[in-house]
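Below you'll find the structure, written out as structure tokens, and then a few comments.
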Amino acid sequence: MSFRIDPRKPLTGEVRRILAEEIGSALHHLDAARGRPEQAVHKCRKRLKNARALLRLVHSGDEIFCDTENQCYRNVAGLLAGPREATALIETVDRLAASFPKESAGGGLEAVRDRLAARQHELHEGGGLEAAIGAATAACEEGIKRIESLALPDQPEQAADVLADGARATLRRARKALDKAGSRGTANDFHDLRKAAKTHGMHLSLLGRLWPTSIKARRKAVDKLDGGLGDLHDVFVMRALLEGEDEPLGPPEDTKLLGKLLKRSEKQLKKSCLAEAAELFADSPKRSTRKLARKARDDLAGGAPNEAGAVPAAVG
């Protein structure tokens with residue numbers, strides 16, 4: 001199956017199918033995380049983000065269900081945030097070393113990396129991770145049971161309006177976040193921009209050919225922006241740790257080079273991300289999604305029955 005809404009089928013059945021597949025895959029990765037937490041936790045969180053993006057896309061069709069499930073999977077992702085962040089910070093140090101090879105050639109980042117690796121080991125080996133996996137698993141299993149209660153409009157015109165409403169809301173979030181990131185430039189502003197851009201990218205995947213223009217180039221641009229904003233987020237997190245009173249990354253003599261490279265990286269990433277986002281979200285959300293609604297009405301009118309599909313068996 002695929003992470004894409006089939007316009008030939010009822011919207012309710014398609015959303016139930018995709019949601020069950022994503023949460024089923026999240027459960028599979030949670031099970032794998034007990035033995036290989038570094039990558040499995042990251043993959044689980046990606047599936048949860050997919051599910052939440054889907055819920056945002058169809059939010060206006062069943063607001064109570066979407067709000068409840070979105071909050072559920074937000075909480076589940078939060079349970080796993082610490083272990084994922086520990087790995088991401090090590091990746092950030094490695095990325096800095098690769099981006100500034102001359103400056104880091106003398107081993108000025110090694111002491112910090114060693115401390116981050118020890119921190120990661122402590123998080124992954126302690127009982128906290130096992131407890132988090134258990135709680136996350138229970139929440140996902142309950143979530144799968146609730147999928148059958150989702151009810152969306154399946155008539156082509158109403159279904160098209162639901163999809164257009166969800167896509168429009170995310171584009172508006174992106175434009176608002178871009179304005180704030182450009183004027184204030186705080187870590188939260190760029191984080192909001194990243195979340196909106198990531199959700200928009202997932203909406204492109206879900207809508208496929210329902211999107212009024214070719215998605216290949218746009219999806220490539222979204223992925224590039226998401227990568228840059230992800231790197232910038234990790235820089236912000238690392239700087240906050242660096243400025244902590246308890247010196248979790250070590251004494252000043254061990255973190256001097258890190259602080260210098262983080263500032264340089266932050267400046268470069270802010271500039272490139274703002275430019276890419278400005279180009280990507282230049283068009284009016286209303287105009288873009290008006291075209292989407294028209295095209296979706298035509299494509300969804302392809303003879304889908306009114307009966308909503310049943311929930312398929314969950315993966316893993």
Side-chain angles (χ1 to χ4, degrees), residues 38-39 41-42 45-46 49 77-78 80-120 123 173-174 176-201 221-281:
E38 293 85 356
Q39 294 304 314
V41 166
H42 182 47
R45 283 169 54 84
K46 287 178 69 174
K49 288 174 183 177
L80 307 170
R84 171 54 196 160
E85 180 187 286
T87 300
L89 291 178
I90 295 173
E91 294 170 353
T92 300
V93 172
D94 293 342
R95 196 158 48 241
L96 288 172
S99 299
F100 304 101
K102 290 184 179 180
E103 292 85 345
S104 58
L109 298 176
E110 290 180 1
V112 172
R113 194 188 191 286
D114 289 344
R115 287 188 178 88
L116 288 171
R119 181 172 178 264
Q120 178 198 47
L123 280 170
R173 283 176 56 217
K176 183 178 180 180
L178 174 59
D179 289 343
K180 289 185 177 180
S183 60
R184 299 188 310 193
T186 67
N188 285 337
D189 295 331
F190 278 97
H191 188 49
D192 288 342
L193 178 58
R194 182 195 180 198
K195 289 188 291 185
K198 185 182 287 291
T199 299
H200 175 59
V222 171
D223 289 344
K224 184 172 183 290
L225 174 60
D226 178 49
L229 288 169
D231 291 348
L232 181 58
H233 173 72
D234 292 340
V235 166
F236 282 131
V237 172
M238 185 79 84
R239 287 198 64 181
L241 273 178
L242 189 62
E243 294 164 5
E245 293 182 1
D246 56 347
E247 297 182 348
L249 300 182
E253 58 267 24
D254 287 348
T255 59
K256 183 178 180 180
L257 177 61
L258 175 66
K260 177 182 176 181
L261 297 183
L262 286 172
K263 288 180 181 179
R264 288 177 60 180
S265 182
E266 179 183 327
K267 183 177 180 180
Q268 293 173 1
L269 287 167
K270 279 185 173 181
K271 182 178 179 180
S272 62
C273 288
L274 286 172
E276 291 169 18
E279 183 174 354
L280 189 61
F281 299 116

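All figures in this text were calculated on a predicted structure; none of them were measured in a lab.
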With Phe281 via ring-ring contact (aromatic ring centres under 6.0 Å, His included) - residues at least two apart: His200
Any side-chain heavy-atom pair of Arg194 and Leu232 under 4.5 Å: no
Nearest non-hydrogen partners of Gly228 and Leu269, listed with the distance: O-CD2, 3.9 Å
Note, Met238 side chain near Glu266 side chain (heavy atom, < 4.5 Å): no
Heavy-atom closest contact (Leu262 atom, Val235 atom, distance): O-CG1, 3.7 Å
Side-chain donor or acceptor of Arg45 paired with backbone N/O of Ala77 under 3.5 Å: yes
Inter-residue atom distance Asp226.CG - Leu193.CG, 0.5 Å rounding: 10.0 Å
Nearest heavy-atom neighbours spanning Leu109 and Ser104: CD1-CB, 3.9 Å
All salt bridge (Lys or Arg N to Asp or Glu O under 4.0 Å) counterparts of Glu103, not counting sequence neighbours: Arg264
Sub-4.5 Å side-chain heavy-atom contact between Lys198 and Leu229: no
Aromatic plane relationship, Phe236 with Phe190 - under 30° parallel, 30 to 60° tilted, over 60° perpendicular: tilted
Any Asp94 side-chain heavy atom under 4.5 Å of Arg113 side chain: yes
Shortest non-hydrogen separation from Ile90 to Ala117 and the atoms involved: CD1-CA, 3.7 Å
Ser265 side chain vs Leu261 backbone, donor-acceptor pair below 3.5 Å: no
Side-chain heavy atoms of Val222 within contact of Leu280, under 4.5 Å: yes
Cys273 side, atom SG; Gln268 side, atom CD - distance, nearest 0.5 Å: 11.0 Å
Within 6.0 angstrom of Glu253 CD, more than 12 heavy atoms from elsewhere: yes
Residue pair Lys263 / Arg239, side-chain heavy-atom distance below 4.5 Å: yes
Minimum side-chain heavy-atom gap Thr92-Asp231 below 4.5 Å: no
Exceeds 12 heavy-atom contacts within 6.0 angstrom, atom NZ of Lys270: yes
Side chains of His42 and Lys46 in contact at under 4.5 Å (non-hydrogen atoms): yes
Heavy-atom closest contact (Leu123 atom, Gly82 atom, distance): CD1-O, 3.8 Å
Nearest-0.5 Å distance that lies between atom CD in Glu85 and atom CG in Leu241: 6.5 Å
Heavy-atom closest contact (Gly108 atom, Leu257 atom, distance): CA-CD2, 3.7 Å
Atom pair CG/CZ of Leu89 and Arg95 - distance to nearest 0.5 Å: 9.5 Å
Interatomic distance, Lys195 atom NZ to Asn188 atom CG [nearest 0.5 angstrom]: 8.0 Å
Residues that Gln120 engages under side chain to side chain donor-acceptor pair (under 3.5 Å), provided they are two or more places apart: Thr87
Carboxylate-amine/guanidinium proximity below 4.0 Å for Asp179 and Lys176: no
Leu274 CG to Leu225 CG distance, which is reported to the nearest 0.5 Å: 9.5 Å
N/O donor-acceptor pair under 3.5 Å between Thr186 side chain and Asp189 backbone: yes
